[in-house]
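Below: one structure, written as structure tokens.
All ligand and atom numbering here is 1-based and tracks the order in the structure. Starting from 1, each residue takes its place in the sequence as its number. If you're wondering where the values come from, they're calculated on a predicted model, not measured in any experiment.
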Amino acid sequence: MLGGGTGGTIVANRMRRLAGPEELELVVVDRDDVHVYQPGLLYVAFSQMAPGALVRRRSRQLQPGIRFLTGEACAIDLSARLVHLGERGDALAYDALVIATGARLAPETTAGFAAGVAAGWVHTFYDPAGAESLAAALESFEAGRLVVDIVDEPIKGPVSPLEFCILADGFFRHRRRRSSVEITLVTPLGSAFNRPLAGAALAEVLAKHDVGVVAGFRTQAIDPEGRFLVSDDDRREPADLAVVVARQVGAAFVSGTEGLADPRGFVVVDIHTLQSQADPAVFAIGDAAALPTLKAGTVAHFAAGVVAENVVHFLRGEPPAARFDGHATYLVETGDRTALVVDFDYGTEHVGGRYRGPIGLPLLTPSRLAHLAKRMVPQLYWRALLPARHACALTPVALFRAPTGATRPGRGETPGSG
Ligand SMILES: Cc1cc2nc3c(=O)[nH]c(=O)nc-3n(C[C@H](O)[C@H](O)[C@H](O)COP(=O)(O)OP(=O)(O)OC[C@H]3O[C@@H](n4cnc5c(N)ncnc54)[C@H](O)[C@@H]3O)c2cc1C
């Protein structure tokens, strides 16, 4: 397993439950032993969480009998089934390989990004240091145009820039500065979010919070002297404070392995079996995989069982039988202590009705309950999702109970059922 973040940890723990140490030797490699709960970075930016509260040791999240190695994966030799680690090139042999190295922020691909950061004008909440420094910048931002810019798609946590705008509205209202602060989301997408039903619901929430949206703006460069963003079709967006989500790419060793990746370095896999199209011994999970769904922790969670099962099938010489449906769920902060649930898979957006489970959160409708659920996720993450505990794991099938006033049926239901 290359990568001991959300996806790598869950797959390793699932595999340990599927096959004991006598059948399977499991090794997880990561460049460090610091696991960050990334969705919490949003709250760090608003001084609602300390960065330290998001961090635990990676090795501690793994079940007994899983070996954890610290090292940077630098190259893969597919024919010899070897991963080269570190500058010295120590080689690690494998029978099956799961690539779980996520999405890397690549600010260096946008001209002016580093200079903007150095000038204290460009900020980010996508890494702990950036989120902490942004918190200070927001506290001292009295008036002007706050622009939240998504340089390019796809990005991990793709709804979090929208959530940032919505939380910024409450932040400045609370400090009685809202009338002096204009908040604008700048996105390369054609609208606020690229799923029609969820997009419409989120556009409504953004409008309610007086957040402007500039769509179809693919950031080409950042001009820290003029304090504006430049698009690839030469439009300009001025900002007094720029919160920029950098372009994201796959790990360098993935792009460097012939035939393995798409042009951005994400592993090309069969979207259902999650097996590489270049080599059947290679699988990918989470943000590292090129999939037509979200780069989100929930997607890694829902896909983990499929990867774990298919790796075990592969090692037993069987065809990969488990299939992933692209299931993505996202709890979205919608302000005033409410949140809404976005949910879809490769084929269907789910709307109306409720998310199945003991609480039954309403879909696409802001509710207090969903906000409480969102705030409980960190505990669920460390205690149930990462350890892949069966009792608490959400499964990607039959998640909904009968819709109430649904315009379309929920997952696992037929029209008129229930
Ligand atoms: C601000 C923010 C908010 C978010 N909000 C949400 C949310 O509300 N809901 C949601 O579902 N998702 C959210 N996400 C997305 C979620 O955090 C990611 O989708 C999830 O962590 C992906 O898991 P992963 O295992 O693919 O990648 P990661 O968890 O990023 O793990 C990748 C690992 O690979 C390691 N690695 C990379 N390259 C190498 C290498 N060459 N050698 C060795 N190790 C390497 C890294 O150190 C890292 O540990 C958010 C993300 C951010 C940044």
Side-chain angles (χ1 to χ4, degrees), residues 1-12 28-46 49 54-55 57-59 61 68-76 83-86 92 98-105 124-128 130-131 134 148 150 154-164 167 243 245-246 248-257 265-267 284-289 291 293-304 307 327-333 339 341-343 370 373-375 377-378 380-381 385-386 394:
M1 193 85 49
L2 296 181
T6 308
T9 303
I10 303 177
V11 172
V28 174
V29 179
D30 203 291
R31 56 162 69 102
D32 59 41
D33 194 10
V34 184
H35 188 129
V36 178
Y37 174 67
Q38 298 176 61
L41 295 171
L42 179 67
Y43 305 109
V44 172
F46 290 103
M49 253 185 203
L54 309 179
V55 175
R57 288 184 63 183
R58 295 187 193 287
S59 43
Q61 314 312 316
F68 179 72
L69 276 182
T70 333
E72 176 89 20
C74 294
I76 314 176
V83 175
H84 294 282
L85 299 178
L92 190 65
V98 179
I99 299 178
T101 39
R104 180 176 71 81
L105 301 172
T124 180
F125 61 98
Y126 265 59
D127 63 65
L134 176 55
V148 179
I150 302 168
I155 58 165
K156 55 183 163 182
V159 199
S160 65
L162 282 66
E163 295 181 282
F164 184 93
L167 293 185
V243 176
V245 180
Q248 296 171 23
V249 296
F253 75 88
V254 176
S255 340
T257 309
F266 297 119
V267 185
I285 178 91
D287 298 348
L291 296 175
T293 182
L294 300 186
K295 292 203 181 297
T298 53
V299 172
H301 163 74
F302 292 134
V307 171
H327 187 195
T329 298
Y330 211 104
L331 278 163
V332 184
E333 291 282 8
V341 184
V342 167
D343 190 272
K374 175 118 181 161
R375 293 305 177 111
V377 172
L380 188 71
Y381 182 79
L385 301 182
L386 283 186
L394 302 166

Sorted by chain and number, sequence neighbours left out, ring-ring contact (aromatic ring centres under 6.0 Å, His included) with Phe125 holds for Phe164
Tyr37: which residues meet the ring-ring contact (aromatic ring centres under 6.0 Å, His included) condition with it, sequence neighbours left out? Tyr381
With rounding to the nearest 0.5 angstrom, report the OG1 to CG distance, Thr298 to Asp343. 8.5 Å
Of all the non-hydrogen atoms in the protein, which one sits nearest to [atom], and at what distance?
atom                    : answer
atom 11 (O) of ligand 1 : Gly297 N, 2.9 Å
atom 44 (N) of ligand 1 : Arg31 N, 3.3 Å
atom 31 (O) of ligand 1 : Gly5 CA, 3.3 Å
atom 15 (C) of ligand 1 : Gly157 N, 3.5 Å
atom 27 (O) of ligand 1 : Gly102 CA, 3.5 Å
atom 23 (O) of ligand 1 : Thr6 CB, 3.4 Å
atom 48 (C) of ligand 1 : Asp30 OD2, 3.4 Å
atom 41 (N) of ligand 1 : Ala73 O, 3.1 Å

Backbone of [Y] reached by a side-chain donor or acceptor of [X] within 3.5 Å:
X      : Y      : value
Lys374 : Val341 : no
Glu163 : Glu333 : yes
Lys295 : Lys156 : no
Thr124 : Gly130 : no

Near [X], which atoms of ligand 1 are under 4.0 Å from a heavy atom of that residue?
X      : answer
Arg58  : 47 (O), 48 (C), 49 (O)
Gly286 : 26 (O)
Phe253 : 41 (N)
Glu72  : 40 (C), 41 (N), 42 (N)
Gly7   : 23 (O), 24 (P), 25 (O)
Phe125 : 1 (C)

Return the option from [options] holding the heavy atom at the smallest distance from [atom].
atom                    : options                : value
atom 32 (C) of ligand 1 : Ala100, Ala289, Gly3   : Ala100
atom 53 (C) of ligand 1 : Tyr381, Tyr330, Tyr126 : Tyr126
atom 13 (C) of ligand 1 : Ala300, Ala103, Pro39  : Pro39
atom 2 (C) of ligand 1  : Lys374, Gln38, Glu333  : Gln38
atom 36 (N) of ligand 1 : Thr101, Leu2, Thr9     : Thr101

Kindly determine whether Arg58 and Asp30 satisfy salt bridge (Lys or Arg N to Asp or Glu O under 4.0 Å), including the steps that lead there. CA-CA 9 Å; Arg58 295 187 193 287; Asp30 203 291; 3.3 Å; yes
Using a 3.5 Å cut-off on N or O atoms only, is [X] in polar contact with ligand 1?
X      : answer
Ser160 : no
Lys156 : no
Asp287 : yes
Thr298 : yes

Begin with the C-alpha distance, continue with both residues' side-chain angles, and end with the deciding distance and a verdict on side chain to side chain contact (heavy atoms under 4.5 Å, CB included) for Leu2 and Val83. CA-CA 9 Å; Leu2 296 181; Val83 175; 4.0 Å; yes
Side-chain donor-acceptor pair under 3.5 Å between Thr70 and Asp33, yes or no? no
If the contact criterion is a heavy-atom separation under 4.0 Å, does Gly71 count as touching ligand 1? yes
Using a heavy-atom cut-off of under 4.0 Å, does the side chain or the backbone of His35 touch ligand 1, or both, or neither? neither
Quick one: does ligand 1 sit under 4.0 Å from the side chain of Ala296, the backbone, both or neither, non-hydrogen atoms only? both
Flag side-chain contact, heavy atom, 4.5 Å: Pro161 against Ile155: yes
Tell me, with the steps shown, if Val159 and Val342 meet side chain to side chain contact (heavy atoms under 4.5 Å, CB included). CA-CA 10 Å; Val159 199; Val342 167; 5.7 Å; no
Step-by-step side chain to side chain contact (heavy atoms under 4.5 Å, CB included) determination, Val245 to Gln248: CA-CA 9 Å; Val245 180; Gln248 296 171 23; 3.7 Å; yes
Working for side chain to side chain contact (heavy atoms under 4.5 Å, CB included), residues Arg375 and Tyr43: CA-CA 10 Å; Arg375 293 305 177 111; Tyr43 305 109; 3.1 Å; yes
Minimal non-hydrogen separation, Ile76 against Ile99, with atom names: CD1-CD1, 3.9 Å
